[in-house]
**Q** 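Would you mind keeping the following structure in view while I ask a few things?
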Amino acid sequence: MQTIGLIGGMSWESTLPYYRLINQTVREARGGLHSAKVLLYSVDFHEIEVLQHAGDWDAAGAAMADAARRLQAGGADFIVLCTNTMHKVADAITEATPLPLLHIADATAQALIEAGIGRVGLLGTRFTMEQDFYRKRLEARGLEVIVPSAPDRDTVHRIIYDELCQGVIDDASREAYREVMTRLVAAGAEGIILGCTEISLLVGEADASVPLFDTTTLHARTAALHALD
């Protein structure tokens, strides 16, 4: 079994499910008392969030590169970045260490293709929805990506940072997400990507009329299976 190197803490609320899902997948595959070999480097999200909103992606990338080098030194065999948004600086990680990076958008695209989804709605932080680093990765696999309107993007982004990253689960926010997803379906989405690792803390399959693709679950399970391969 390979050792998984997790870069987490962005936020720690969504890093917790990664550890649980990875170990559940290993137990399902191996049985008995088997569990995953995992190293976790957890950052101070306040420092990263400040860089994100300041647009200082070079410094944010340097922080991720430093985390990757620390995981390599600790004996990790490959890297899993436990956040969608910070894949904007994925190149900084791959340039800092020879370890493979298991990209979250690749795991998501594979699940969409296997499900026969061609047009998909994307929820996430404003960075993920508005910039092309994530969408291009999906489009390269033949997927058509639909993002919410500007007011809906503002709502989705605000709830992620002001509530979900701080462990706040609010029924009114759940209803707001339901309405955003309904509008994405009306725009032609055949499925919806929960493209921020916190979103699945708020909504699930019962909240939408089309399949939801939870990037946290998809990424974590892909990481576990990769470690066992």
**Q** Looking only at side chains, do Y161 and Q52 share a donor and an acceptor under 3.5 Å apart?
**A**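 Their side chains do contain a donor-acceptor pair, which is all the 3.5 Å distance test asks for.
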
**Q** May I ask you to decide if L21's main-chain N or O and T25's side chain share a donor-acceptor pair within less than 3.5 Å?
**A**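 Between the backbone of L21 and the side chain of T25 there is a qualifying donor-acceptor contact (under 3.5 Å).
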
**Q** Between I160 and C165, is the side-chain contact (heavy atoms from CB on, under 4.5 Å) condition met? List the steps.
**A** CA-CA 6 Å; I160 289 170; C165 287; 4.0 Å; yes

**Q** Rounded to the nearest 0.5 Å, what separation is found between the OG atom of S173 and the CD1 atom of I199?
**A**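 So the OG of S173 and the CD1 of I199 are separated by 12.0 Å.
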
**Q** Do we see a donor-acceptor contact under 3.5 Å between the side chains of Y134 and H87?
**A**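 No - no donor-acceptor pair under 3.5 Å links their side chains.
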
**Q** Do you know which two heavy atoms are closest between G61 and A92, and how far apart they sit?
**A**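 Here G61 and A92 meet closest at O-CB, 3.5 Å.
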
**Q** Could you tell me whether the side chain of E130 reaches within less than 4.5 Å of the side chain of V147, counting heavy atoms only?
**A**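 The answer is no; the side chains never approach within 4.5 Å.
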
**Q** Output yes when a side-chain donor or acceptor of H219 lies under 3.5 Å from a complementary backbone atom of T197, and no otherwise.
**A**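 Not a single qualifying donor-acceptor pair exists.
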
**Q** Quick one: closest heavy-atom pair of G32 and R27, and the distance?
**A**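 The pair with the smallest heavy-atom distance is O-CG, 4.1 Å.
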
**Q** In this structure, would L99 and L225 fall into the same cluster of hydrophobic residues linked by side-chain contacts under 4.5 Å?
**A**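 Different clusters: L99 never reaches L225 through Ile, Leu, Val, Met, Phe, Trp or Tyr contacts under 4.5 Å.
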
**Q** Taking R119 as the fixed residue, which of E139, E190, E144 is the one that meets the salt bridge (Lys or Arg N to Asp or Glu O under 4.0 Å) rule?
**A**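 Only one option passes, and that is E144.
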
**Q** Are any non-hydrogen side-chain atoms of L39 and I4 less than 4.5 angstrom apart?
**A**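 Counting from C-beta outward, L39 and I4 never come under 4.5 Å.
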
**Q** Check the hydrophobic clustering (I, L, V, M, F, W, Y; side-chain heavy atoms under 4.5 Å; chains of links allowed) and say if I193 and Y18 are grouped together.
**A**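 I193 clusters together with Y18.
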
**Q** Apply side-chain hydrogen bond (donor to acceptor under 3.5 Å, both in side chains) to T108 and T215, showing your working.
**A** CA-CA 6 Å; T108 303; T215 54; 5.4 Å; no

**Q** A side-chain contact here means heavy atoms from C-beta on lying under 4.5 Å apart; do V80 and I7 qualify?
**A**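 A side-chain contact under 4.5 Å is absent here.
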
**Q** Contact between I146 and L122 at the side-chain level, heavy atoms closer than 4.5 Å - yes or no?
**A**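 No, side chains not in contact.
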
**Q** Do the side chains of C82 and M10 get nearer than 4.5 Å, heavy atoms only?
**A**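 Side chain of M10 against side chain of C82, heavy atoms only: no contact under 4.5 Å found.
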
**Q** Step by step, work out the side-chain contact (heavy atoms from CB on, under 4.5 Å) result for L101 and F78.
**A** CA-CA 6 Å; L101 173 68; F78 63 96; over 6 Å; no

**Q** Are more than 12 heavy atoms, taken from residues, nucleotides or ligands other than R69, located less than 6.0 Å from that residue's CZ atom?
**A**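 Yes, CZ of R69 has more than 12 neighbouring heavy atoms, counting only those of other groups under 6.0 Å.
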
**Q** Mark yes or no for whether T15, through its side chain, and G9, through its backbone, hold a donor-acceptor pair below 3.5 Å.
**A**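 Yes, T15 side chain to G9 backbone: donor-acceptor pair under 3.5 Å.
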
**Q** Can you see which heavy atom on E205 is nearest to which on P211, and at what distance?
**A**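 Nearest pair, atom of E205 first, then P211: OE1-CA, 3.8 Å.
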
**Q** Salt bridge check: are R135 and D132 linked by an N-O gap of less than 4.0 Å?
**A**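 Salt bridge between R135 and D132, a charged N being under 4.0 Å from a carboxylate O: no.
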
**Q** Taking atom types as modelled, is there a side-chain donor on R126 or Q131 under 3.5 Å from an acceptor on the other?
**A**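 There is no such pair between these side chains.
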
**Q** Tell me if a side-chain donor or acceptor on R153 pairs with a main-chain N or O of P148 at a distance below 3.5 Å.
**A**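 Answer holds: yes.
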
**Q** Could you check if a side-chain atom of I169 sits within less than 4.5 angstrom of a side-chain atom of L164, using non-hydrogen atoms only?
**A**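 When only atoms from C-beta onward are counted, L164 and I169 do touch, with a gap below 4.5 Å.
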
**Q** Give a yes or no on whether the backbone of T3 and the side-chain of D77 come within a donor-acceptor separation of less than 3.5 Å.
**A**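 Yes.
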
**Q** Using the rule that two of Ile, Leu, Val, Met, Phe, Trp, Tyr join whenever any of their side-chain heavy atoms come within less than 4.5 Å, decide whether Y19 and M1 are in one cluster.
**A**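 No, because Y19 and M1 fall into different hydrophobic clusters, even though each may have its own neighbours under 4.5 Å.
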
**Q** Go through E13 and F45 one step at a time and tell me if the side-chain contact (heavy atoms from CB on, under 4.5 Å) criterion holds.
**A** CA-CA 11 Å; E13 296 282 351; F45 189 35; over 6 Å; no

**Q** Where is the tightest heavy-atom contact between L184 and G121, given as atom of each residue plus distance?
**A**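 Smallest interatomic distance, heavy atoms only, reads CD1-CA, 4.2 Å.
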
**Q** Return the CD1 to CG distance between I104 and L218, rounded to the nearest 0.5 Å.
**A**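 Answer for the CD1-CG pair, I104 versus L218, is 8.5 Å.
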
**Q** Between T97 (side chain) and I93 (backbone), is there a donor-acceptor pair under 3.5 Å?
**A**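 Answer holds: no.
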
**Q** Are I159 and W12 linked, directly or through other ILVMFWY residues, by side chains that come within less than 4.5 angstrom of each other?
**A**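 No: no chain of side-chain contacts under 4.5 Å links I159 to W12.
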
**Q** Between the side chains of E114 and Q110, is a donor N or O closer than 3.5 angstrom to an acceptor N or O?
**A**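 Checked: E114/Q110 side chains pair up, N/O donor to acceptor below 3.5 Å.
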
**Q** With rounding to the nearest 0.5 Å, note down the distance linking OG in S149 to CZ in R183.
**A**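 Going from OG on S149 over to CZ on R183, the span is 6.5 Å.
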
**Q** Find out if a path of hydrophobic residues (ILVMFWY) with successive side-chain heavy-atom gaps under 4.5 Å connects L16 to L6.
**A**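 Unlinked, L16 and L6 end up in two clusters.
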
**Q** With distance as the sole test, does D56 use its side chain to make a donor-acceptor pair with the main-chain N or O of L51 at under 3.5 Å?
**A**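 Pair absent, no side-chain N/O of D56 close to backbone of L51.
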
**Q** Measuring from T94:OG1 to H103:NE2, what's the distance to the nearest 0.5 Å?
**A**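 Those atoms lie 9.0 Å apart.
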
**Q** Distance check, rounded to the nearest 0.5 Å: R137 atom CZ versus F133 atom CZ?
**A**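 Rounded to the nearest 0.5 Å, the CZ-CZ separation comes out at 11.5 Å.
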
**Q** Nearest heavy-atom pair of L71 and G5: which atoms, and what distance?
**A**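 Reported closest heavy-atom pair: CD1-C, 3.6 Å.
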
**Q** Which atom names give the shortest non-hydrogen contact between V26 and A224, and what distance separates them?
**A**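 So the two residues come closest at CG2-CB, 4.1 Å.
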
**Q** Can you confirm whether F127 sits close enough to N84 that some side-chain heavy atom of one is under 4.5 Å from a side-chain heavy atom of the other?
**A**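 In short, these two side chains do not touch, never coming nearer than 4.5 Å.
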
**Q** From M129 CE over to T85 OG1, what is the distance, rounded to the nearest 0.5 angstrom?
**A**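 Here the rounded value is 9.0 Å.
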
**Q** If only atom types and distance count, is the side chain of D207 paired as donor or acceptor with the main-chain N or O of G204 below 3.5 Å?
**A**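 Yes, because the side chain of D207 sits within donor-acceptor range (under 3.5 Å) of the backbone of G204.
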
**Q** Give a yes or no on whether the backbone of L202 and the side-chain of R174 come within a donor-acceptor separation of less than 3.5 Å.
**A**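 The answer is yes, because a donor-acceptor pair under 3.5 Å joins these two groups.
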
**Q** Side chains of F213 and L194, heavy atoms from C-beta outward: is any pair under 4.5 Å?
**A**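 A side-chain contact is absent here, since even the closest heavy-atom pair is not under 4.5 Å.
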
